[in-house]
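Read the structure below first, then the notes.
Order of the sequence lines fixes the chain letters, A, B, ..., with proteins taken first and strands second; residue numbering starts at 1 for each chain.
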Amino acid sequence: MKIMFFGITKELAGGPSLDVPLQPATVGELRGWLMERYPAMKNLRAVMIAVNKTYAGDAQPLAEGDEVAVIPPLSGG
Amino acid sequence: MKIMFFGITKELAGGPSLDVPLQPATVGELRGWLMERYPAMKNLRAVMIAVNKTYAGDAQPLAEGDEVAVIPPLSGG
Amino acid sequence: MRSLIKIVSHIQTDEAIRFVESPESGGIVTFIGTVRNQTQGKPVLKLFFESYEPMALLEMEKIARQAAVQWNVQHIAIIHATGEKLPGEEVVVIAVAAPHRGAAFAACQYAIDTLKETVPIWKREFFEDGAVWVAAHP
Amino acid sequence: MRSLIKIVSHIQTDEAIRFVESPESGGIVTFIGTVRNQTQGKPVLKLFFESYEPMALLEMEKIARQAAVQWNVQHIAIIHATGEKLPGEEVVVIAVAAPHRGAAFAACQYAIDTLKETVPIWKREFFEDGAVWVAAHP
């Protein structure tokens, strides 16, 4: 499964996207995998995950083909 | 003393200004004289008097040379 | 604080916004009042605005000063039109720049609310069957 | 309701205002956010804005719909800039037309407050001695 990074997470991940080798079953599982791989993301004020362009809770299941994005703290406006 | 009229009071007075024959001692006295001369002004929602470009209460004394204006209900904006 | 206070025959919204913009302030709130094409369902053909101009300008300046004191407004522009205005045309524009956007919103709303209550300007509404001075009678 | 939702490289304030103006509405409130030349006293050289554009547009549309439902907004424009922006340049403009001005003020403030909370856009601040992603860390 491919995930996208934005803002500071793009820097921490070293690029705008990544192929996750395993298919995580839920958003929470993906989050755990990310925090293990990029420990510096634990220092961020918050990290949200969007699935198919909508904010998703940790319980939400993930399916192949979902558009998944890592959303660091917002600062628009 | 000369007074100015605006908006609907200009129509009721038949012109933009008027020489008041006597010198009223106070704003209240002027107001009484106006309401007697133009009874239709009594039907307005409110009539304020401005002296030297500032709203004035009925107790305020009037002097010769004051710039006096009759201010019907406002509707700017 | 910079303030721009004017009564004009034709409103330039952009002039008000450009006047208050500055690299020191982060937020600008504007209110623009336009002529509506109806009043309580009755078609309006046009409006006519009259002012007691020297006093109106003084009252508008009081509003600007109060906004500066109460909400720490950095820059403010208050421009009102007089004369004939057709539906859709702009009648008033108020632009406020403040360090915090909540203050800019509050100050701009204060300015238009107070303008309607204190600034000697009068509006005559023209309908197909006649005209009235708005709000004159109870 | 008409709504104009865009992410652009250069903001045209006037486009937002013209879009929401109509003879049916009497009041327009706008919020314009510009780049400040300092953050807590530290000079800012420039900003860089990045967005997750398709999701940002969806979240901006949600704001427009909520404003329409909650405040009876007639027309709304929400335009955000991305890319490099210098101090004084415009970053965001929101224009709201509503039948009553109180509703227009409330809806415009709701729109900018919510945009900052929900729309996936990120700002990087450049100082003389480095750069930071704003609000990223506690």
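Between C:T39 and C:E125, the side chains place a donor N or O and an acceptor N or O closer than 3.5 Å (distance only, hydrogens not considered).
Neither the backbone nor the side chain of C:T82 comes within less than 4.5 Å of any heavy atom of chain B. Proximity to chain B (any heavy atom under 4.5 Å) is shown, for C:H137, by both the backbone and the side chain. In this structure, the portion of B:M4 lying under 4.5 Å from any heavy atom of chain C is its side chain and not its backbone. For a residue to count as touching a neighbouring chain, one of its non-hydrogen atoms must lie under 4.5 Å from one of that chain's; by this rule C:F49 touches chain B with the side chain only. For C:V134, the parts sitting under 4.5 Å from any heavy atom of chain B are the backbone and the side chain alike. Only the side chain of C:E59 comes within less than 4.5 Å of a heavy atom of chain B; its backbone N, CA, C and O stay farther away. The parts of C:W122 that come within reach of chain B are both its backbone and its side chain, each placing non-hydrogen atoms under 4.5 angstrom from that chain.
Relative ring orientation between B:F5 and B:Y38 is described as perpendicular, the plane-to-plane angle rising above 60° on a 0-90° scale split at 30° and 60°.
In terms of heavy atoms, B:M48 sits closest to B:R31 at CA-NH2, 4.4 Å. When all heavy atoms of C:E90 and C:A81 are compared, the pair lying nearest together is O-CB, 4.1 Å. When all heavy atoms of C:V73 and C:A67 are compared, the closest pair comes out as CG2-O, 3.5 Å.
Ranked by non-hydrogen atom pairs under 4.5 Å with chain C, the options B:G76, B:A69, B:S75 are led by B:S75. Counting heavy-atom pairs closer than 4.5 Å to chain B, the top residue among C:V92, C:L115, C:V119 is C:V119.
A salt bridge links C:K6 with C:E15; the closest basic N to acidic carboxylate O contact falls under 4.0 Å.
At least one cation-pi condition fails for C:R101 and C:F105: the charged atom is not both under 6.0 angstrom from the six-membered ring centre and inside a 45 degree cone around its axis.
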